[in-house]
**Q** 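Input: one structure, supplied below.
Residue numbers run from 1 in the order of the sequence given. Owing to the predicted nature of the structure, the values given are computational and were not obtained by experimental measurement. As the structure lists them, so they are numbered: ligands from 1, and atoms in each ligand from 1.
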Amino acid sequence: MKAVVVETPGSASALELAEVERPEPGENDIVIDVAAAGVNRADVLQRRGLYPSPEGAPHWPGLEVSGTVTWAGDRSGHAVGDEVCALLPGGGYAEEVVVDGSLALPVPERVGLVDAAGLMETVCTVWSNVFLLAGLCAGETLLVHGGSSGVGTMAVQLGRAFGARVAVTASSEEKLAACRGLGADILIDYTMEDFVERMTVEGGADVILDLVGGSYLARNIAALRVNGRIANIASAESGSAELDFGALMRKRGTIRSTSLRARPLEERAEIVASVGENVWPLFESGVLRPVTGARFPLADAAEAHRLMESSGHIGKILLTP
Ligand SMILES: NC(=O)c1ccc[n+]([C@@H]2O[C@H](COP(=O)([O-])OP(=O)(O)OC[C@H]3O[C@@H](n4cnc5c(N)ncnc54)[C@H](OP(=O)(O)O)[C@@H]3O)[C@@H](O)[C@H]2O)c1
């Protein structure tokens with residue numbers, strides 16, 4: 001089968017379409033004929049040689065796909081012909097993937113097979129961090145940094161769907177308008193406005209979904225309400241910063257930081273099951289929708305990565321074999 005591999009880590013041109021061996025499935029696994037694969041920031045890091053696939057996963061990138069089951073192990077919980085989307089430890093940039101059945105869910109009604117490719121990584125990340133760990137409740141205020149990103153567009157919708165007031169930061173009017181369309185109430189262009197000052201005027205954030213790290217540690221604590229929770233999922237600016245325990249203590253604040261891919265299979269499967277139970281019905285009732293910003297053929301994965309690195313997109317970028 002064909003897959004997009006990285007022989008020599010580096011720029012987007014390092015992504016090459018190549019012939020690879022399909023991994024052998026086991027009795028818990030399914031084989032999916034891929035309709036589309038989601039592109040994630042982590043794939044850019046992997047391409048640069050900074051975030052290799054974990055042991056046992058294919059060495060080529062790709063954390064999520066949608067498609068049709070062509071083979072199902074006896075203990076996989078799925079059947080041949082099912083249309084599914086799946087969370088992967090790697091290997092999604094391919095014509096076919098093999099994945100443990102516990103990491104796949106049926107494509108929700110009302111969602112197209114291709115658009116479904118962009119759901120698993122974003123929904124599982126937001127659900128596990130903002131809801132399961134940070135415990136966002138109805139009536140609280142959620143601040144989403146990077147509100148127009150793949151993860152951000154899902155966080156805005158989920159926050160709104162569960163009754164929170166949602167604030168976002170983004171770098172342009174167009175991105176903020178997209179966030180407003182998804183249900184964001186407080187729009188902050190962080191290139192023009194200090195989010196700490198604005199959030200202070202707005203009464204502070206109960207939960208902050210952070211992907212910036214670095215100098216945002218102190219600023220996020222300043223923007224929190226008492227008993228606030230920070231859910232960090234990336235460090236676009238820097239992975240280290242000085243923590244002022246006094247400032248955190250005055251807010252009685254909590255900071256958690258997790259990576260979905262690094263979690264044991266059982267934990268990822270629990271998150272997927274919880275998403276299936278709590279979030280999928282909201283796609284089926286039309287409350288939530290996938291936000292696909294761009295589609296590229298699999299062979300043009302380099303173009304897709306260039307778009308992501310330019311931050312010119314809103315929502316998800318997808319690859320179609
Ligand atoms: N820990 C995990 O398990 C996990 C899982 C999935 C994703 N992630 C992380 O979550 C982030 C989003 O992922 P994605 O795939 O959705 O990527 P993406 O669509 O490329 O989004 C990245 C976003 O970062 C924003 N950004 C950069 N600097 C910013 C700043 N100072 N303030 C506010 N926004 C800023 C950019 O928006 P602007 O143009 O507005 O700056 C862009 O929308 C990535 O950093 C990714 O690594 C983590």
Side-chain angles (χ1 to χ4, degrees), residues 37-48 50-51 54 61-64 87-89 92 117-130 132-134 143-157 167-179 182 184 187-196 198-199 208-217 219-220 223 230-239 241 256-263 267-268 271-272 275 290-294 304-319:
V39 176
N40 288 278
R41 277 277 160 168
D43 307 340
V44 172
L45 295 180
Q46 179 159 355
R47 190 202 73 214
R48 292 185 190 146
L50 303 172
Y51 193 57
L63 296 174
E64 57 185 348
L87 186 68
L88 309 170
L119 295 185
M120 289 298 266
E121 181 71 17
T122 55
V123 176
C124 291
T125 297
V126 175
W127 186 248
S128 59
N129 284 282
V130 172
L132 299 180
L133 289 178
L143 168 61
V144 179
H145 287 303
S148 68
S149 65
V151 169
T153 50
M154 195 48 68
V156 170
Q157 292 188 77
V168 292
T169 61
S171 65
S172 72
E173 258 184 47
E174 188 199 356
K175 289 184 170 188
L176 290 170
C179 295
L182 294 169
L187 309 171
I188 305 168
D189 181 340
Y190 70 87
T191 67
M192 321 261 286
E193 189 178 3
D194 183 322
F195 77 84
V196 179
R198 176 68 181 280
M199 289 310 296
I208 300 179
L209 182 63
D210 179 52
L211 48 80
V212 180
S215 64
Y216 272 39
L217 174 62
R219 298 176 69 201
N220 281 335
I230 297 171
N232 171 271
I233 55 165
S235 40
E237 182 186 296
S238 164
R256 304 288 295 263
S257 184
T258 67
S259 157
L260 189 57
R261 190 176 75 166
R263 293 195 183 203
E267 283 187 28
R268 277 175 288 142
I271 292 168
V272 168
V275 160
V291 181
T292 304
H305 274 219
R306 286 187 193 105
L307 175 60
M308 178 162 272
E309 286 176 283
S310 75
S311 269
H313 63 294
I314 291 173
K316 293 293 296 189
I317 302 172
L318 304 181
L319 299 174

**Q** Looking only at protein heavy atoms, which one is nearest to atom 24 (O) of ligand 1, and what is the separation?
**A**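 Looking at atom 24 (O) of ligand 1, the protein heavy atom closest to it is Leu211 CD1, 3.7 Å.
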**Q** Which label fits Phe195 and His145: parallel for a plane angle under 30°, tilted from 30 to 60°, or perpendicular past 60°?
**A**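 The rings of Phe195 and His145 stand perpendicular, inter-plane angle above 60°.
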**Q** One residue to check: Lys316. Relative to ligand 1, which of side chain, backbone, both or neither has a non-hydrogen atom less than 4.0 Å away?
**A**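 Neither; no heavy atom under 4.0 Å.
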**Q** To the nearest 0.5 angstrom, please state how far the CG atom of Leu87 sits from the CG atom of Leu260.
**A**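 Spacing of CG (Leu87) from CG (Leu260) equals 5.0 Å.
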**Q** At what distance, to the nearest 0.5 angstrom, does CG of Asn220 lie from CG of Leu143?
**A**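 CG of Leu143 is found 7.0 Å from CG of Asn220.
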**Q** Of Asn40, Thr153, Thr122, which is the lone residue that meets side-chain hydrogen bond (donor to acceptor under 3.5 Å, both in side chains) with Lys316?
**A**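 With Lys316 as partner, Asn40, Thr153, Thr122 yield a single side-chain hydrogen bond (donor to acceptor under 3.5 Å, both in side chains), made by Asn40.
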**Q** Give the contacting part of Thr125 toward ligand 1: side chain, backbone, both or neither, where contact means a heavy-atom distance below 4.0 Å.
**A**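 For Thr125, only side-chain atoms sit under 4.0 Å from ligand 1.
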**Q** What is the nearest protein non-hydrogen atom to atom 29 (C) of ligand 1, stated with its residue, atom name and distance?
**A**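 In this structure, atom 29 (C) of ligand 1 has Tyr190 OH, 3.5 Å as its nearest protein heavy atom.
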**Q** Which of the atoms in ligand 1, numbered in the order shown and given with their element, are less than 4.0 Å from a heavy-atom of Met308?
**A**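 Under 4.0 Å from Met308, ligand 1 has these atoms: 20 (O).
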**Q** How would you list, by chain and number, every residue that makes a ring pair (Phe, Tyr, Trp, His ring centres under 6.0 Å) with His305, sequence neighbours excluded?
**A**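 If we apply the ring pair (Phe, Tyr, Trp, His ring centres under 6.0 Å) test to His305, skipping adjacent residues, the hits are Tyr93.
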**Q** Can you find a heavy atom in the side chain of Lys175 that is under 4.5 Å from one in the side chain of Ser311?
**A**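 Yes, close enough: below the 4.5 Å cut-off.
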**Q** Just which atoms of ligand 1 are under 4.0 Å from any heavy atom in Ala234?
**A**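 Result: 9 (C), 45 (O), 47 (O).
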**Q** Short list, please: which atoms of ligand 1 are under 4.0 Å from a heavy atom of Ala170?
**A**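 Heavy-atom distances to Ala170 below 4.0 Å select 40 (O).
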**Q** Could you tell me the residue and atom name of the protein heavy atom closest to atom 39 (O) of ligand 1, and the distance to it rounded to 0.1 Å?
**A**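 The closest heavy atom on the protein side is Lys175 NZ, 2.6 Å.
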**Q** Within the 4.0 Å heavy-atom shell around Thr169, which atoms of ligand 1 are there?
**A**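 Near Thr169, the atoms of ligand 1 are 33 (C).
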**Q** With side chains defined as the heavy atoms from C-beta onward, is the minimum distance between Arg41 and Leu211 less than 4.5 Å?
**A**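 They are not in contact (no side-chain heavy atoms under 4.5 Å apart), so the answer is no.
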**Q** Looking only at distances, please establish whether an N/O atom of ligand 1 is found under 3.5 Å from an N/O atom of Arg41.
**A**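 N/O-N/O distance below 3.5 Å exists for this pair.
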**Q** Please classify the Ile233 to ligand 1 contact at 4.0 Å (heavy-atom distances, strictly less than): side chain, backbone, both or neither.
**A**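 Under 4.0 Å from ligand 1, Ile233 contributes backbone and side-chain atoms.
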**Q** With atoms numbered from 1 as shown, which atoms in ligand 1 lie under 4.0 angstrom from a non-hydrogen atom of Leu260?
**A**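 It comes down to these atoms of ligand 1: 2 (C), 3 (O).
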**Q** Considering the heavy atoms of Glu121, write down every atom of ligand 1 situated less than 4.0 Å from one of them.
**A**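 So the answer, numbered in order with elements, is 5 (C), 6 (C).
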**Q** Write out the residue and atom name of the closest protein heavy atom to atom 31 (N) of ligand 1, then the distance separating them to 0.1 Å.
**A**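 Looking only at protein heavy atoms, the one closest to atom 31 (N) of ligand 1 is Tyr216 OH, 3.3 Å.
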**Q** Can you tell me how far CG of Leu119 sits from OG1 of Thr292, rounded to the nearest 0.5 angstrom?
**A**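 These two atoms lie 8.0 Å from each other.
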**Q** Side chains of Arg47 and Pro61: does their closest heavy-atom pair fall under 4.5 Å?
**A**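 A side-chain contact is absent here, since even the closest heavy-atom pair is not under 4.5 Å.
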**Q** Measure the shortest side-chain to side-chain distance between Ile233 and Val151 over non-hydrogen atoms and say whether it is less than 4.5 angstrom.
**A**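 Counting from C-beta outward, Ile233 and Val151 do come under 4.5 Å.
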**Q** Taking N or O atoms only and a 3.5 Å limit, does Val151 qualify as a polar contact for ligand 1?
**A**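 Yes - when backbone and side-chain N and O of Val151 are compared with those of ligand 1, one distance drops under 3.5 Å.
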**Q** Polar-atom distance check: Thr258 versus ligand 1, any N or O pair below 3.5 Å?
**A**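 Such a contact does occur with ligand 1.
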**Q** Does Ala236 have a non-hydrogen atom less than 4.0 Å from ligand 1?
**A**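 It does not, in that no heavy atom of Ala236 comes within the 4.0 Å cut-off of ligand 1.
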**Q** Are the side chains of Leu63 and Met120 in contact, using a 4.5 Å heavy-atom criterion?
**A**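 No, their side chains stay 4.5 Å or more apart.
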**Q** Counting each atom of ligand 1 from 1 as listed, which ones have a heavy atom of Ser171 under 4.0 Å away?
**A**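 Once the distances to Ser171 are compared, the set is 38 (P), 39 (O), 40 (O), 41 (O).
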**Q** Would you compute the distance between atom CZ of Arg256 and atom CG of Leu133 and round it to the nearest 0.5 angstrom?
**A**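 Arg256 CZ to Leu133 CG: 4.5 Å, rounded to 0.5 Å.
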**Q** Where the closest heavy atom to atom 34 (N) of ligand 1 is concerned, which of Ala262, Gly312, Gly146, Ser310 has it?
**A**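 Among Ala262, Gly312, Gly146, Ser310, the closest heavy atom to atom 34 (N) of ligand 1 belongs to Gly146.
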**Q** Working to the nearest 0.5 angstrom, can you tell me the gap between Cys124 SG and Arg261 CZ?
**A**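 Rounded to the nearest 0.5 Å, the SG-CZ separation comes out at 15.0 Å.
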**Q** Roughly how far, to the nearest 0.5 Å, is CD1 of Ile317 from CG of Leu307?
**A**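 One finds 4.0 Å between CG of Leu307 and CD1 of Ile317.
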**Q** Tell me, which protein residue and heavy-atom name are nearest atom 19 (O) of ligand 1, and how many Å apart are they?
**A**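 The closest heavy atom on the protein side is His313 NE2, 2.8 Å.
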**Q** Is Glu237 close enough to touch ligand 1? Criterion: a residue heavy atom under 4.0 Å from a ligand atom.
**A**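 No heavy atom of Glu237 comes that close to ligand 1.
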**Q** What are the atoms of ligand 1, with element, lying closer than 4.0 Å to any heavy atom of Ser259?
**A**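 That gives atoms 1 (N), 2 (C), 3 (O) of ligand 1.
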**Q** For atom 21 (O) of ligand 1, tell me which residue out of Ser149, Ser311, Gly152 has the closest non-hydrogen atom.
**A**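 Going through Ser149, Ser311, Gly152 one by one, Ser149 has the nearest heavy atom to atom 21 (O) of ligand 1.
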**Q** Classify the contact between Arg261 and ligand 1 as side chain, backbone, both or neither, using a heavy-atom distance cut-off of under 4.0 Å.
**A**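 For Arg261, no heavy atom sits under 4.0 Å from ligand 1.
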